[in-house]
Amino acid sequence: MSLLQLQNVHAYYGAIEALKGISLTVNEGEIVTLIGSNGAGKSTTLKSICGQVKTQGAISFNGREIGSQPPHQTASEGIAHVPEGRRIFSRLTVKENLEMGAFSVKDKKLIKERTEQAFVYFPRLKERFGQLGGTMSGGEQQMLAIARALMMKPRILLLDEPSMGLAPIIVEQIFDIIQELNREGMTILLVEQNAYQALQIAHRGYVIQTGEIIMEGEANLLLSNDQVKEAYLA
Amino acid sequence: MLYLFCGFYIHKRGFNMISEILQTLPQVLVDGLTLGAVYAVVAIGYTMVYGILEFINFAHGEIFMTGAFVGTSTLLIFNTAGLLSGMPGWVAYILILVTAMLFTGLMGVGIERVAYRPLRKAPKLITLISAIGVSFLLQDIVRFIADLKTGSFLVTGISLYNENVKIKTSSIWDSFDDAFLKTNSIIVLAVAVLLMIGLDIFINRTKWGVAMRAVAQDRETASLMSINVNKVIALTFFIGSALGGGTGVLFAQQYGTIDPYIGFILGLKAFTAAVLGGIGNVRGAMFGGLFIGVLEMFSAANLGIITSGNFGGEYKDVVAFIILITILIFKPEGLFGRAVKEKV
Amino acid sequence: GDSKESGGDATVIKIASQSPLSGGSSVQGEAIKLGGQMALDERKEEFKKLGFDLQFVPYDDQGDQKKGVANAEMIGADKAILAVLGHMNSGVSIPSSVVYEKYNIPMVSPANTATEVTDRKLKAVNRVVARDDFQGPAGAEYAVKTVAAKNIFVIQDKTSYGQGLAEAFKTAAEALGATIVGYEGITVGEKDFNGVLNQVLSKKPDFIFFGGLYNEGGLIVKQAREKGITVPIMGGDALDSSAMVDLAGDKLVDVLYSSVSTDMTKSNKDWADKYKETFDKSVENYSAYAYDSMNVILNGLSKAIEDNDGKLPAREKVRDAIRATTDFEGVATKVSFDDKGDNKYAKVFIYGFEGPTYPGTLISEIEQPK
Amino acid sequence: MNFMDKWKTKLQHLPTQASIYTLFVVVTALSVYFLDKSVVAFLLLLGSLLLLYFTSFKNSVKWAVGGILLFIVIPFATSGGLAHESYMEVATQCGIYIAMALGLNIVVGFAGLLDLGFVAFFAIGAYTYAIFATPQANNFISGQLFPLSGSSFWLFILIGGFVAALFGVLLGLPVLRVKGDYLAIVTLGFGEIIRIIFNNMEKPINITNGAMGLSSIQPPNLFGLKFTFPHQFYFIVVGILVIVIFTVRRLEHSKMGRSWKAIRENEIAAQSMGIPLIRTKLTAFAVGASFSGMMGVVFAAKQTFIDPTSFTLLESITILVMVILGGMGSVPGVILGAALVTILNLQVLTELTNWLNQLTMNGTISIPNALSPSKMQRFIFGAILVCIAIFRPNGLIVAKNRKVDAEQLKAERSHTPVPVGQSTGQSGGVAK
Amino acid sequence: MTILKVAKLVKRFGGLTAVDGVDFAFPKGKISAVIGPNGAGKTTFFNVITGIYKPDEGEIELDGKSIVNVKPHLITSRGIARTFQNIRLFGSMTVLENVMVGMHIHLKTGLFGTLLRLPRNRAEEKRSQEEAYRLLEYVGLESLLNEQANSLSYGAQRRLEIARALATRPKVLLLDEPAAGMNPRETVDLIGLIKRIRQELEITIILIEHDMRLVMELSDHILVLDYGTKIAEGIPEEIRTNPRVIEAYLGKSAAQQGVIS
Ligand SMILES: Nc1ncnc2c1ncn2[C@@H]1O[C@H](COP(=O)(O)OP(=O)(O)OP(=O)(O)O)[C@@H](O)[C@H]1O
Ligand SMILES: Nc1ncnc2c1ncn2[C@@H]1O[C@H](COP(=O)(O)OP(=O)(O)OP(=O)(O)O)[C@@H](O)[C@H]1O
Ligand SMILES: [Mg+2]
Ligand SMILES: [Mg+2]
């Protein structure tokens, strides 16, 4: 069943057309990855889904059109986005950052439960509970960003280059966590530069180039595709 | 011999000077705190808006002024309707406070909607221009209405509390004289402290308060957390403006007379206070306001005495600014501001 | 290009006014404009009979000398303007009058008291009010000789009016043997003067002089009394306003002010009532001076027309005719100009407020020193 | 559509442009000359300068045409009507503000330092001349040497600029550690301090004569010719202004201008490129202040009277408004912004007011006194500011980067394959 | 031969010691890498070397001369240039202008020279433009010279930062995560560029990177930091197999696969 569907989506930054008619589908329970070079429009695709950029075309989530609604509404319907560059609230504590992730959750008990769950995934966050987000190292910030997104228990998690700037060991951990989340039933749309690793854990993949989808298919097929190898796996 | 004599003279003068300063010190403190409380609450309004939108809401002083006018005219309307005589003073006080706060709060929201929201993505300084424009508009609109109704924009309202309380500070130490305190000053201080404490709790303890700080730091990401950014900003403007408007009422009650231009000078002082405390920091604004108020009162009362008439009270703002500049040079983020050093 | 501003049959003559109509001192500026307008409107008919259409053009100088000078240049360019009523601020008058002098446009000020205004001996500049160096000493004489003030505290508002008056007062009072125990400035536009008043408390003077406008003066009186400072407080002609009553309320006791006018509401009650009726505003002292100034202007104008056989006179002629004014009886003051343009008749009257009623009671009359 | 395109291509044709432009100038100049006191014609004539900016003439041609307009056409055209001096007064004040706004533009627009006390430098320039061109200086320098004669004015233009620059540096040294909006409030404080000091320096030693101001300042004197009329000052101001614009233009695209902008964009990166932060910021302050200082001297001489009320915070804000309105960092924009605000304030609003007044007095319309247009200037100004901010958020003329001809560079570059490093020895490698 | 040497270098932030007594000698004309977990103090290490932060203790010598307490802009003119982890371009200036800013210290024209614009000054300006252009060619951005810097794609911005740093004509070039955000293809190009810089321009290069393939392929020498201290140093082969490094930084699978190519 398709949970998220984009049909012929165009996105613009002023006069620049960053997406030129993108169509993609994410089914419930899948890990789908979107790969492509710099400036191809990967981040823009995620932003379009969240309503952060102006778009034309159809974006539907769970069968409902969400293309024109404001980001906070989209978020409260169950789409969590871990943005490029982590975007931690640097002057809020780890605790407050997590609280903000759970902004749409009214039930205090639920918030508590999910906080505990986050600590299970990322024990480091428990140690740094009262620390300001901005003073944490890159890897810790990335963990916090993911944990923050999980606080709302999203139907689908959009991850934008979670491995960027992280030590190999952390990258490894993060990919493990993504797979674990997926096993527990979460749908994931993963944007990555690190195409090799992304395709290894994904079910399906899309290749995007200058605002257009140029290829799609099963992840392992893409991994062995010569063109993909040449361009993205080097 | 002559030398000795001079020394003695200077010593005597110094002694006189200190005793003169000490005599009025209680009174200076009382007056300074009262004025400072007004600065402090207005400063909070600047700080909140700055904290969240990172721009100096130049029109905030005018919102304060509008509050003063709304409160005063409400009271005048009560009076002409004959309601005032049958009403205890405190009821009337609360009524005008609430009216003014509601009015200015909504006005703040409206101003944000019309004059600032379209500029969110524009360069920061252009919003400053818009704010300057709004502040001119408000000055003139209020002037126009006051002028139309009363024939002059200098409006003197009704004082609800006029008594004077004597504080026997002389019994603490006999160098002190007694201080007089208007009943209204007590109200100003009490209301200001209540507002400040309430706000502090709101911002630091409630979800919406944290959301405000989150929006302040990163609007785009906040919206990804399902925070309605527009709503948070509107809320900030509502609270900040309502505080400003409420202080306007306190001010009008304290000094009796208001005009459409009180916002400019007071706004400037309050803004200075906000910066002194570390702009964006609510507690800093409170402290800055009280500090500037007392400092100003102290310099106006004693500069002339200290410099034997060479530099008088007219330099009080110079003193305030020099202290501000000195503090900023050594602590560039203000007294309470956290040094958010850019991480390289 | 040549211009004959002929509106139909009657030749247009314009009289301009310049005063601050916007900003903090616009109450006074407005009073000047309205006083002038009232006089002009009253005499429209008279000039119509002479074949002239009299028009009033109020300019807003914003209390800003740049604006004043730019306006003055515009006024100079408008050949139909034959005289100017204004300004309110000496600081605007001084540079603007240089321009009037160039174009021979006579100016009559209803408010400038700074000595420099007429001391430059410009042909175009006149004023109906008393100079600081007359009003200040007159006040000092009264304070020291009659009230027997020994320790005087002087407060001034650090404007050219306030400083001019306060300094003249201070010098004269010292010469008369009083001690100035404090000399302090305040900031115009503020509402809290407790700081300076606390210094007054510690200096314990027996008399306070205030050089400044009623906006601040009224509040100083009020706040002083609330602090328990009961000594007499004296000010200049700028305290001569009903607004003092509004501002200070029942704290308005033992307050003195000097004024160059007799009590208008008594001597000229009809006039005051008419003003109130026309503009729905209470009379300010500047309204009356402006009214008188305008009449001085119009008298000069009509004299110049007469001398010119009923034809439109040149500006120089109007200028000289105005300067030649003698023994004009206005509602507020009598006017005769000396060779500098100062009013020879400017007498100083000392009034006292003994409660919240305006005007105060006339206490003393002081003649101009010879 | 087609029609429009056709016109567009036609307008790009240089000779067509030139002839249309000349026609425009001639028509407006003649109407200013013959119409008596027509603000509209005058504005259009000034507009020809703006139009000049948008033409596609060569730069040198633009400068030449601009010079002719400023020095010959405008003074001559306005001399026809009675309003000559009035126009010249407006133009002179415009010029003064343009120079100040250009100065502030260096500080705010180029170097990105928000300065809310800029008028202080204007005040410093004005007082520098005023104190010595009146007997005032006798109060603290013995020998009754003062006032200096009006011929010292010319020297004082330089002195005023220099003293203001000096103060710029003195202010800058301590405060430039402070950043962003904090800097704004510090400079605001500095502006207020300067004004309050000028307002109170009649004691203990009378230096500035306090609130009474300094009057009867000597007007400029050139070989016995006394400058008292606005049209005379016009030439002084335009002369200085041309130098100022020339300076700004040269600096903008030089090493200095680039380091100012680099600091504005990113201080840390600028530092890492070898740009000394404090020194570069100080030069911005000093150069900007010197323009103001020079115009301060002219202002004092023109007004023959100065007092501290001319140097209020509101004045600083107005100059800032000119810069932001015109377009920060954009020299033509700032010139336009300054001219518009000044003309609006001095002429358009006043004329509008008079016109409405006239209508009221003739009974054509009736406006309650409280709403009388002359009192609504702040309202109108405020409304204009808000509207421009909303509809033109990047300023009237947005700052552009200068484009470089790639082909030419490619052709002219030397062909040594290795462009950098000490080994090339090309220009001595790394500095000591 | 050593060009840059640090000894007992310490940098603290409040209670946190970000760089904790690091000793290291960077050999001249070689490529050295600094690696380590996130928050190990690598960027801080660079910041201290370039004078952005003052070290609390320790010594830094460039060509045998101390550069401790030298202002950042003077360190640049002594021959150290750098790029930044989070890109710091002059966003609203053009690409060419960005590189020309980098030439700042080599331009002699002063304030008066600018105003008078003598032939000498004009020639200098012209020459610097041409040189900037050649640098852009070097990093492959010459076609974008008139674009505004912040409109460039991420990879292009990184290369522009390198060009700008080269414009200062450094002896030592510090690159902070030059490949972050680049895909493998672009990383390969970058590796080529860095090699060329070292060989053709004879510039010593020190880089921080998490992309192990790049590190292993380029570096002659590697310094590993963890919690501010040096936990290992050596040639790539030694580092790859160092158990401490594997445990703290590489992780098992990366150690195996990160270097396959
Ligand atoms: N805020 C913006 N304003 C203008 N153009 C933008 C903006 N953000 C992105 N673009 C442009 O849109 C295009 C797509 O950008 P996007 O950020 O989606 O790329 P990406 O695939 O995420 O690349 P990367 O790997 O660098 O993150 C690029 O050409 C970029 O230059
Ligand atoms: N300006 C600063 N103030 C306070 N702490 C800082 C500052 N800069 C860095 N730190 C802290 O110092 C430690 C080292 O940071 P640094 O940026 O050097 O790490 P890094 O090795 O570059 O990590 P990454 O690989 O994630 O970039 C971190 O814990 C960081 O939080
Ligand atoms: Mg991206
Ligand atoms: Mg780092």
Counting only heavy atoms closer than 4.5 Å, note whether [X] contacts chain D via side chain, backbone, both or neither.
X	result
R164(E)	both
L89(E)	backbone
L145(E)	side chain
L116(E)	backbone
L96(E)	side chain
T50(E)	neither

Only pairs of heavy atoms separated by less than 4.5 Å count here; which of [options] has the most with chain D?
options	answer
R117(E), Q148(E), Q129(E)	R117(E)
E137(E), E97(E), E142(E)	E137(E)
G91(E), S92(E), P72(E)	S92(E)

With chain E as the partner, which of [options] has the greatest number of non-hydrogen pairs under 4.5 Å?
options	value
K403(D), R249(D), R264(D), E265(D)	E265(D)
S254(D), G329(D), A270(D), P276(D)	P276(D)
G257(D), S259(D), A262(D)	A262(D)

**OP:** Kindly determine whether K255(D) and T114(E) satisfy side-chain contact (heavy atoms from CB on, under 4.5 Å), including the steps that lead there.
**Re:** CA-CA 8 Å; K255(D) 172 185 169 187; T114(E) 306; 5.7 Å; no
For the atom pair [atom1] ([X]) and [atom2] ([Y]), what is the distance rounded to the nearest 0.5 Å?
X	Y	atom1	atom2	value
I268(D)	I52(E)	CD1	CD1	5.5 Å
S272(D)	F46(E)	OG	CZ	12.0 Å
L115(E)	M256(D)	CG	CE	9.5 Å
I275(D)	H73(E)	CD1	NE2	10.0 Å

Original post:
Please, which pairs that meet side-chain hydrogen bond (donor to acceptor under 3.5 Å, both in side chains) have at least one residue in residues 276-292 of chain D, sequence neighbours excluded?
Top reply: E267(D)-K281(D)
**OP:** Sequence neighbours left out, what passes salt bridge (charged side-chain N to carboxylate O under 4.0 Å, His left out) with E124(E)? Give chain and number order.
**Re:** none
**OP:** Indicate yes or no for a side-chain donor-acceptor contact from N146(E) to the backbone of V404(D) under 3.5 Å, with no hydrogens or angles considered.
**Re:** yes
Original post:
Hey, are E125(E) and R258(D) close enough for a salt bridge, meaning a charged N less than 4.0 Å from a carboxylate O?
Top reply: yes
Original post:
Do other residues, nucleotides or ligands put more than 12 heavy atoms under 6.0 Å from K126(E) NZ?
Top reply: yes
Subject >> Heavy atoms from other residues, nucleotides or ligands near OH of Y133(E) exceed 12 (cutoff 6.0 Å) >> reply: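 Count over threshold, so yes.
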Original post:
What part of A399(D) lies closer than 4.5 angstrom to a heavy atom of chain E: side chain, backbone, both or neither?
Top reply: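 For A399(D), neither part sits under 4.5 Å from chain E.
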**OP:** Can you tell which part of R402(D) gets under 4.5 Å to a heavy atom of chain E, answering side chain, backbone, both or neither?
**Re:**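 For R402(D), the contact with chain E is made by the backbone alone.
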**OP:** Decide yes or no on side-chain contact (heavy atoms from CB on, under 4.5 Å) for M273(D) and F90(E), but give the supporting numbers first.
**Re:** CA-CA 11 Å; M273(D) 293 303 117; F90(E) 307 122; 4.2 Å; yes
